[in-house]
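Worksheet for the structure shown next.
Index from 1, following the sequence.
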Amino acid sequence: MAGRECYHCKLWIEPVEKLDCWTTTEAALTVDLSDELRDAWHRLREAAVELGEQRVYASGSCIMFSREVCHFFVRPKRSYLELCLILPRAVKAPQVRRVEPKSKLKFANLVPIRHRDEVEPPITDWMREAYELQDVVSARPPTKRAPAKAKTKAKPTGKTTGKAKAVKKPAARAKARKRQGVLRAR
């Protein structure tokens with residue numbers, strides 16, 4: 001049997017060779033970066049570590065920065081680093097390429113980084129805001145949900161035999177009549 005291409009990492013694998021592409025490392029994700037992008041990556045990582053205690057790990061094609069949950073991650077691309085900041089708002093700035101809503105409280109703000117000098121305010125301020133978002137969300141009191149209404153049984157209509165007809169609204173009745181008229185015309 002000939003070799004095959006790994007579905008995940010696109011590497012060519014010989015039949016006798018074992019591959020564990022899920023154990024990605026930071027070094028493996030950044031090895032092919034140009035010198036400028038590598039400098040930008042080191043500056044970005046340095047700025048992130050300055051924020052405080054957090055876990056930095058590689059996962060798939062991203063390098064994640066998290067405390068209890070991920071607050072931002074970096075996706076190394078061929079010509080830039082894609083920084084994804086998880087913030088409680090959509091940032092409107094020239095540095096932000098795209099914003100994607102992720103939940104009612106969080107937005108993914110995508111920022112391309114091409115040079116070390118780009119890792120400065122306001123990007124570092126947004127990184128701090130993303131880092132501190134977890135404190136804000138966990139400090140909020142839990143939302144109270146309205147109690148579920150008890151189901152009530154349908155009241156008897158007085159008729160004991162036969163099926164009860166569904167009551168249709170006037171618009172629904174008109175549509176039904178129109179359909180019947182169309183069917184009769186055929």
Worksheet item: Out of Thr25, Leu44, Leu81, Thr30, which residue meets the side chain to side chain contact (heavy atoms under 4.5 Å, CB included) rule with Ile63?
Response: Thr30

Discussion item. I need the Leu105 CG to Leu133 CG distance, nearest 0.5 Å.
Written reply: 8.0 Å

Fill in: Single-linkage hydrophobic cluster, 4.5 Å side-chain cutoff, Tyr57 and Leu29 together
no

Fill in: Listed once per pair and sorted, the salt bridge (charged side-chain N to carboxylate O under 4.0 Å, His left out) pairs that draw on residues 109-124, sequence neighbours left out
none

Fill in: Asn109 vs Trp126 side-chain heavy atoms within contact, under 4.5 Å
no

Practice prompt. Quick one: closest heavy-atom pair of Trp41 and Glu26, and the distance?
Written response: CZ2-OE1, 3.3 Å

Worksheet item: What is the distance from atom CE of Met64 to atom NE2 of His71, rounded to the nearest 0.5 Å?
Response: 10.5 Å

Worksheet item: Got a sec, which pairs hit salt bridge (charged side-chain N to carboxylate O under 4.0 Å, His left out) with one end in residues 87-100, sequence neighbours left out?
Response: Glu82-Arg97, Arg89-Glu129, Arg98-Glu100, Glu100-Lys102

Item to complete: Among residues two or more places apart or on two chains, list those pairs meeting salt bridge (charged side-chain N to carboxylate O under 4.0 Å, His left out) that have a residue in residues 55-73.
Response: Arg67-Asp135

Worksheet item: By side-chain contact (heavy atoms from CB on, under 4.5 Å), which residues pair with Cys84, not counting sequence neighbours?
Response: Phe73, Ile86, Ala108, Leu110

Worksheet entry | Any side-chain heavy-atom pair of Leu83 and Val119 under 4.5 Å | no

Fill in: Verify same cluster id: Val91, Tyr131 (apolar side-chain graph, 4.5 Å)
yes

Practice prompt. Identify, with sequence neighbours excluded, every residue that meets side chain to side chain donor-acceptor pair (under 3.5 Å) alongside Gln95.
Written response: none

Worksheet entry | Exercise: identify the closest heavy-atom pair between Leu87 and Ala130 | CD2-N, 3.4 Å

Worksheet item: Below 4.5 Å, heavy atoms only, C-beta onward: do Asp35 and Arg38 meet side chain to side chain?
Response: yes

Discussion item. According to side-chain contact (heavy atoms from CB on, under 4.5 Å), who are the partners of Ala48, at least two apart in sequence or on a separate chain?
Written reply: Gln54, Phe65, Phe72, Met127

Fill in: Nearest-0.5 Å distance that lies between atom CZ in Arg78 and atom CG in Asp32
10.0 Å

Fill in: Electrostatic pair Asp125-Arg128, nearest N-O below 4.0 angstrom
no

Item to complete: Indicate if Val74 and Tyr80 have the same hydrophobic cluster label, given that clusters are the connected sets of ILVMFWY residues with side-chain heavy-atom separations under 4.5 angstrom.
Response: no

